[in-house]
Amino acid sequence: MIYLMIVGMGLVVFFNRYLFIEPRLPVRLNRGAREFLGFAVPGMLTAICGPIIYLPDHQLNLSPANPYLLAGICAIGLMYWTRNVLMTVLLSMALFYLFRWWV
């Protein structure tokens with residue numbers, strides 16, 4: 001039953017994505033919908049990363065001793081400086097572990 005559920009969910013996700021990727025299908029989004037969907041990824045990442053950065057122990061922690069906050073600030077700076085996602089992820093992960101060890 002679980003395998004059937006996993007396959008079913010995989011098919012739903014596949015066909016949901018396929019509708020927007022296949023160029024021969026007549027599904028087209030207007031300009032407003034495309035602009036609105038441009039905010040989906042940053043909004044989703046903020047919803048995922050926000051609680052991890054600001055609430056590491058289920059309490060608001062804005063102190064300079066919070067390695068999650070320090071690494072998040074460094075990741076923002078690295079992204080503006082390098083403009084390379086892979087380099088930013090690798091360097092910010094290294095900085096996070098350095099801050100965790102150091103603080």
Side-chain angles (χ1 to χ4, degrees):
M1 180 65 181
I2 291 177
Y3 292 117
L4 184 64
M5 185 74 75
I6 291 171
V7 169
M9 288 187 297
L11 289 173
V12 167
V13 170
F14 172 76
F15 286 116
N16 184 16
R17 303 289 189 251
Y18 182 75
L19 286 175
F20 294 109
I21 293 174
E22 178 58 41
R24 293 177 294 193
L25 291 176
V27 177
R28 299 287 177 249
L29 296 176
N30 63 12
R31 185 173 179 257
R34 282 182 286 164
E35 286 180 7
F36 179 73
L37 287 175
F39 294 104
V41 173
M44 180 186 62
L45 289 175
T46 302
I48 293 170
C49 296
I52 294 170
I53 292 172
Y54 297 114
L55 305 167
D57 298 322
H58 302 290
Q59 295 179 8
L60 184 63
N61 186 358
L62 298 176
S63 73
N66 181 356
Y68 295 94
L69 183 61
L70 293 174
I73 292 169
C74 289
I76 292 169
L78 284 168
M79 192 65 214
Y80 279 118
W81 182 52
T82 64
R83 304 276 185 199
N84 185 338
V85 176
L86 180 62
M87 184 66 69
T88 300
V89 169
L90 294 175
L91 288 174
S92 61
M93 284 175 50
L95 285 171
F96 169 72
Y97 285 113
L98 178 73
F99 291 143
R100 214 169 104 178
W101 171 76
W102 185 45
V103 174

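Quick note: numbers below take in every heavy atom, side chains included, and nothing from hydrogens, waters or symmetry partners.
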Student: What donor-acceptor contacts under 3.5 angstrom involve side-chain atoms of residues 82-89, with partners at least two apart or in another chain?
Tutor:
{"residue": "T82", "atom": "OG1", "partner": "L78", "partner atom": "O", "Å": "2.7"}
{"residue": "T82", "atom": "OG1", "partner": "N84", "partner atom": "N", "Å": "3.3"}
{"residue": "T82", "atom": "OG1", "partner": "T88", "partner atom": "OG1", "Å": "3.2"}
{"residue": "N84", "atom": "OD1", "partner": "L86", "partner atom": "N", "Å": "3.2"}
{"residue": "N84", "atom": "OD1", "partner": "M87", "partner atom": "N", "Å": "3.4"}
{"residue": "T88", "atom": "OG1", "partner": "N84", "partner atom": "O", "Å": "2.7"}

Student: Among residues at least two apart in sequence or on other chains, which ones pass ring pair (Phe, Tyr, Trp, His ring centres under 6.0 Å) with Y80?
Tutor: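 Expected list: none.
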Student: Given I2 and I6, is the side-chain contact (heavy atoms from CB on, under 4.5 Å) satisfied, shown in steps?
Tutor: CA-CA 6 Å; I2 291 177; I6 291 171; 3.9 Å; yes
Student: Applying a strict under-4.5 Å side-chain criterion to I, L, V, M, F, W and Y, I'd like to know whether I53 and Y97 cluster together.
Tutor: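 They do not share one cluster, since no chain of ILVMFWY contacts under 4.5 Å joins I53 to Y97.
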Student: Tell me, yes or no, whether the heavy-atom count around M44 atom CE, taken from other residues, nucleotides or ligands under 6.0 Å, exceeds 12.
Tutor: yes
Student: Looking only at non-hydrogen atoms, find the nearest pair between P67 and F96 and report the distance.
Tutor: O-CD1, 3.7 Å
Student: Would you name the heavy atoms of A75 and S92 that are closest together and state the gap between them?
Tutor: CB-CB, 3.7 Å
Student: Under 4.5 Å between side-chain heavy atoms, hopping through other hydrophobics if needed: is there a path connecting L98 to L69?
Tutor: no
Student: If Ile, Leu, Val, Met, Phe, Trp and Tyr residues are connected whenever their side-chain heavy atoms lie under 4.5 Å apart, and connections chain through other members, are L4 and L11 in the same group?
Tutor: no
Student: Among all residues two or more places apart in sequence or in another chain, which pass the ring pair (Phe, Tyr, Trp, His ring centres under 6.0 Å) test with F99?
Tutor: none
Student: Look up atom CG in L95 and atom CD1 in I73, then write down how far apart they are to the nearest 0.5 Å.
Tutor: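 Answer for the CG-CD1 pair, L95 versus I73, is 12.0 Å.
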Student: Taking all non-hydrogen atoms of both residues, which atom of A65 and which atom of V103 are closest, and how far apart?
Tutor: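 Scanning both residues, the minimum pair turns out to be O-CG1, 3.0 Å.
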Student: Do any pairs count as a salt bridge (Lys or Arg N to Asp or Glu O under 4.0 Å) and have a residue in residues 29-52, sequence neighbours left out, and if so which ones?
Tutor: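 Output for this query lists R31-E35.
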Student: Scan for side-chain hydrogen bond (donor to acceptor under 3.5 Å, both in side chains) pairs involving residues 42-61, sequence neighbours excluded, and state none if there are none.
Tutor: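 Those involving residues 42-61 are N61-S63.
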Student: Can W101 be reached from L70 by stepping across I, L, V, M, F, W or Y side chains whose heavy atoms are under 4.5 Å apart?
Tutor: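 Shared cluster, yes.
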Student: Tell me who clusters with M1, hydrophobic residues only, linked when side chains sit under 4.5 Å apart either directly or through other members.
Tutor: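 Hydrophobic cluster check, M1: no partners found.
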